Amino acid sequence: TAVYHIAVTAHALLGDALPGQGTNLEQDFALFVSNGSGQSPIGKITLDKDVYACGQGIGVSVTDADLAGKGKVDVTLSNLTNGDQETLTLNEVLNNSGILQGTQATDSAATKISGNGILTVRDGDQIQAVYHDATLDNQGHPLTSTAEAAIDCARSEERRVGKECR
């Protein structure tokens with residue numbers, strides 16, 4: 001989930017691609033987006049990676065048209081292996097965008113304390129992010145979006161070794 005700003009600048013307008021429409025030499029061009037989708041009132045939570053190193057921040061995004069202009073929303077991150085749970089406040093990236101992002105701090109050395117702002121993780125753990133949408137299903141229950149990822153502490157070791165070798 002991301003916000004993209006695209007600027008198209010013509011190098012040279014040598015002729016009118018659509019004669020008789022608009023003004024002479026207006027910018028006649030098209031922009032094609034492949035694999036894109038419009039924003040929905042049904043919210044979706046995503047993580048920026050499938051696998052995280054120990055101690056690495058977890059990037060979390062929610063996109064929900066109903067949140068446009070709300071500014072922030074709380075989501076829950078849980079370590080499904082050890083039971084640690086944290087509430088993370090995501091902030092809207094642009095006014096009225098309905099796209100909210102934040103980063104959850106993690107620590108592999110910390111003692112598990114739910115609600116302390118740090119998600120305790122160890123090698124092999126599974127983490128889950130949950131967003132409770134205000135949109136209701138057919139039975140009148142709030143919709144829930146989840147995203148999961150794994151913890152791989154060997155990635156931390158590879159990064160440290162790589163830095164020492166340079």
Side-chain angles (χ1 to χ4, degrees), residues 1-10 17-18 21-22 26-108 112-122 124-153 155-156:
T1 304
V3 175
Y4 297 94
H5 296 276
I6 300 172
V8 178
T9 305
L18 299 171
Q21 294 183 11
E26 75 278 5
Q27 291 189 357
D28 300 315
F29 60 87
L31 180 64
F32 177 77
V33 177
S34 177
N35 200 24
S37 64
Q39 193 175 42
S40 167
I42 298 173
K44 182 178 180 182
I45 192 167
T46 57
L47 301 176
D48 64 345
K49 294 181 173 40
D50 294 326
V51 179
Y52 294 90
C54 288
Q56 183 178 23
I58 300 169
V60 183
S61 297
V62 165
T63 179
D64 187 339
D66 295 333
L67 294 178
K70 302 289 186 204
K72 58 185 168 183
V73 69
D74 287 341
V75 298
T76 304
L77 277 91
S78 302
N79 183 323
L80 299 176
T81 308
N82 70 20
D84 193 10
Q85 190 173 64
E86 303 299 330
T87 298
L88 176 66
T89 300
L90 306 181
N91 295 302
E92 199 164 14
V93 296
L94 292 171
N95 289 337
N96 297 312
S97 68
I99 299 173
L100 303 100
Q101 296 179 333
T103 302
Q104 174 63 56
T106 68
D107 191 346
S108 59
K112 178 189 84 166
I113 303 172
S114 289
N116 70 346
I118 300 171
L119 190 66
T120 302
V121 297
R122 303 270 194 274
D125 288 356
Q126 284 292 120
I127 57 170
Q128 181 182 67
V130 178
Y131 166 61
H132 297 286
D133 197 335
T135 301
L136 305 178
D137 66 14
N138 294 339
Q139 288 78 40
H141 302 107
L143 294 172
T144 301
S145 177
T146 62
E148 293 187 10
I151 302 297
D152 181 358
C153 293
R155 289 179 179 246
S156 301

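This one's a predicted model, so the numbers in the text were calculated from it and none came from an experiment.
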Mind checking the [atom1]-[atom2] spacing from [X] to [Y]? Nearest 0.5 Å is all I need.
{"X": "Gln56", "Y": "Thr106", "atom1": "CD", "atom2": "OG1", "value": "7.5 Å"}
{"X": "Gln101", "Y": "Leu88", "atom1": "CD", "atom2": "CG", "value": "11.0 Å"}
{"X": "Ile151", "Y": "Ile127", "atom1": "CD1", "atom2": "CD1", "value": "4.5 Å"}
{"X": "Ile99", "Y": "Leu90", "atom1": "CD1", "atom2": "CG", "value": "12.0 Å"}

Which heavy atom of [X] sits nearest to which heavy atom of [Y], and what is that distance?
{"X": "Ala147", "Y": "Thr46", "value": "CB-CA, 4.2 Å"}
{"X": "Ala149", "Y": "Lys49", "value": "CB-O, 3.8 Å"}
{"X": "Ile42", "Y": "Asp64", "value": "N-OD1, 4.4 Å"}

Can you list the residues that meet the side-chain hydrogen bond (donor to acceptor under 3.5 Å, both in side chains) rule with [X], with sequence neighbours excluded?
{"X": "Asp84", "value": "Ser114, Thr120"}
{"X": "Gln85", "value": "Ser78"}
{"X": "Asp48", "value": "Tyr52"}
{"X": "Asp66", "value": "Thr135"}

Keeping [X] on the side-chain end and [Y] on the backbone end, is there a donor-acceptor pair under 3.5 Å?
{"X": "Glu92", "Y": "Gly69", "result": "yes"}
{"X": "Gln126", "Y": "Thr81", "result": "no"}
{"X": "Glu148", "Y": "Gln128", "result": "no"}

Looking at residues at least two apart in the chain, or sitting in another chain, which of them share a side chain to side chain contact (heavy atoms under 4.5 Å, CB included) with [X]?
{"X": "Thr144", "answer": "Val130, His132, Thr146"}
{"X": "Asn96", "answer": "none"}
{"X": "Thr87", "answer": "Asp74"}
{"X": "Lys70", "answer": "Leu67"}

Checking Val60 against Leu47 for the side-chain contact (heavy atoms from CB on, under 4.5 Å) test, could you report, in this order, the C-alpha distance in whole Å, the side-chain angles of both residues, the deciding distance, and whether it holds? CA-CA 5 Å; Val60 183; Leu47 301 176; 3.8 Å; yes
Answer yes or no: is there a side-chain heavy-atom contact under 4.5 Å between [X] and [Y]?
{"X": "Ser145", "Y": "Leu143", "answer": "no"}
{"X": "Asn116", "Y": "Glu86", "answer": "yes"}
{"X": "Pro142", "Y": "Leu136", "answer": "yes"}

Neighbour count >12 (heavy atoms, 6.0 Å) for atom CG, Asn95: no
